[in-house]
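Quick notes on the structure that follows.
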Amino acid sequence: MLFSIKNSGDVANFKKKVNEVMKEKLERWKSKGILNQSIRIMIVGIPNVGKSSIINRLAKNSKAKVENRPGVTKRISWFSVGNNIEILDTPGVLWPKFKNDEMAYNLAFTGAIKDQILDTENLAFEFIKRVKTNYFSILCEKFGLDENLSKNCDAIEFINYIGKRRGMIKSGGEVDFLRTSNMILEWYRNGKLGKLTLESL
Ligand SMILES: Nc1nc2c(ncn2[C@@H]2O[C@H](COP(=O)(O)OP(=O)(O)OP(=O)(O)O)[C@@H](O)[C@H]2O)c(=O)[nH]1
Ligand SMILES: [Mg+2]
């Protein structure tokens, strides 16, 4: 079932869908005389992907802690969302080992890996290197760059150019690469760069 918390129709339909999916089990419970058994759902996913936000959207009295960083939910907890449905919020999980660097980078770009253990400048560099190929015009438009001037830039020059355009300059006049890198990743994670896919096109 495809479900978006931004679509109020989907939210309203959620409980109905759950009852549909659980139909057989509910009938079995009913035949055994079990009438008030709650339907229990566990929500599982990678860190910072919006698990707790879904619960808050479904529960009338929202309570799950939500922040834009991975590792916010620290322990499992149950939330009642009405109609005898309870949802278990769980901390984000990642694979014990990544298949390849590409997978690790993509997860890091989206904010699923703690920033503290990453080199932000390197991450922004790797991000720009990848998306510049497929989304050059979009990046120029969003950051206000002149396409003709940035056409032959490598990723570092491109980030420098973004920093200059956004006024991220250190006291000596150099571009503040760290601030610019943080901004690029933040814009991507907040959807300000639009819908960019990290998979090869
Ligand atoms: N653009 C957008 N942002 C969302 C959506 N859902 C959640 N977010 C944002 O994503 C960030 C993470 O949301 P959480 O609900 O805390 O994510 P989580 O999966 O519970 O994270 P952990 O508990 O750390 O594993 C927050 O800043 C949310 O506001 C969505 O549908 N669209
Ligand atoms: Mg959470």
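Note that the structure is a prediction, hence the values are computed from the model and not measured. All ligand and atom numbering here is 1-based and tracks the order in the structure.
- The protein non-hydrogen atom at the shortest distance from atom 27 (O) of ligand 1 is Asn68 CB, 3.2 Å.
- Considering only non-hydrogen protein atoms, atom 17 (O) of ligand 1 sits nearest to Gly50 N, 3.0 Å.
- Two residues are said to be in side-chain contact when any heavy atoms from C-beta on lie closer than 4.5 Å; Ile85 and Lys15 meet this criterion.
- Using a 4.0 Å threshold on non-hydrogen atoms, atom 14 (P) of ligand 1 counts as touching the protein.
- For CD1 of Ile76, the number of neighbouring non-hydrogen atoms (other residues, nucleotides, ligands) closer than 6.0 Å is 12 at most.
- Of the candidates Val18, Val81, Ile54, Ile87 forms a side chain to side chain contact (heavy atoms under 4.5 Å, CB included) with just one, namely Val81.
- Salt-bridge formation is detected for the pair Arg130/Glu126: a Lys NZ or Arg NE/NH1/NH2 atom is positioned less than 4.0 Å from an Asp or Glu carboxylate oxygen.
- Residue contacts with ligand 1: Gly191 is excluded, as none of its non-hydrogen atoms falls under 4.0 Å.
- Around the Mg ion (ligand 2), the protein contributes the following N, O or S atoms under 2.8 Å, ordered by chain and number: Ser52 OG, Thr73 OG1.
- Within the 4.5 Å cutoff, no side-chain heavy atoms of Phe158 are placed close to those of Asp154.
- Near Val49, with a cut-off below 4.0 Å to any heavy atom, the atoms of ligand 1 are 17 (O), 18 (P), 19 (O).
- Here NZ of Lys164 is found 13.5 Å from CG of Asp176. Values are rounded to the nearest 0.5 Å.
- Gly71 counts as a contact of ligand 1, since one of its heavy atoms falls under 4.0 Å from the ligand.
- Residue Pro47 places no N or O, backbone or side chain, under 3.5 Å from any N or O of ligand 1.
- Taking all heavy atoms of Val72, Thr90, Val93 into account, the minimum distance to atom 24 (O) of ligand 1 is reached by Val72.
- Annotation: atom 5 (C) of ligand 1 to nearest protein heavy atom, Ile5 CD1, 4.5 Å.
- Under a 4.0 Å criterion applied to the non-hydrogen atoms of Pro70, ligand 1 contributes the atoms 24 (O).
- Pairing each heavy atom of Ile43 with each of Lys51, the nearest pair is CD1-O, 3.6 Å.
- Nearest heavy-atom pair across Thr180 and Ile159 is CG2-O, 3.5 Å.
- Here the shortest heavy-atom distance to atom 9 (C) of ligand 1, taken over Gly111, Ser53, Ala64, Gly45, belongs to Ser53.
- Of all protein heavy atoms, the one lying nearest to atom 11 (C) of ligand 1 is Asn48 OD1, 3.5 Å.
- A salt bridge between Lys192 and Glu186 is absent, with no side-chain N of the basic residue lying under 4.0 Å from a carboxylate O of the acidic one.
- Heavy atoms from both the backbone and the side chain of Ser52 come within less than 4.0 Å of ligand 1.
- Looking at Ser52 and Asp89, their side chains do bring a donor and an acceptor atom within 3.5 Å of each other.
- Using a 4.5 Å cut-off on side-chain heavy atoms (C-beta onward), Tyr161 and Arg166 make no contact.
- For Asn68 and Asn190, the side-chain atoms include at least one donor-acceptor pair closer than 3.5 Å.
- Remark: Lys30 NZ to Leu35 CG distance equals 8.0 Å, nearest 0.5 Å.
- Scanning all protein heavy atoms for the shortest distance to atom 2 (C) of ligand 1 gives Lys6 NZ, 4.3 Å.
- To the nearest 0.5 angstrom, Leu139 atom CG is 6.5 Å from Ile162 atom CD1.
- Set against the non-hydrogen atoms of Arg69, the atoms of ligand 1 under 4.0 Å away are 24 (O).
- Checked by atom type, the side-chain pair Ser181/Glu121 shows no donor-acceptor distance below 3.5 Å.
- For ligand 1, the polar-atom distance check finds no N/O of Pro91 at less than 3.5 Å from any of the ligand's N/O atoms.
- Under the 6.0 Å cut-off for aromatic ring centres, Tyr188 and Phe127 qualify, their centroids lying closer than that.
- For ligand 1, the polar-atom distance check finds an N/O of Gly92 within less than 3.5 Å of one of the ligand's N/O atoms.
- Nearest to atom 29 (O) of ligand 1 among the protein's heavy atoms is Val66 CG1, 4.0 Å.
- Considering backbone and side-chain atoms together, Lys51 places an N or O closer than 3.5 Å to an N or O of ligand 1.
- Here the heavy atom of the protein found nearest to atom 23 (O) of ligand 1 is Thr73 OG1, 2.8 Å.
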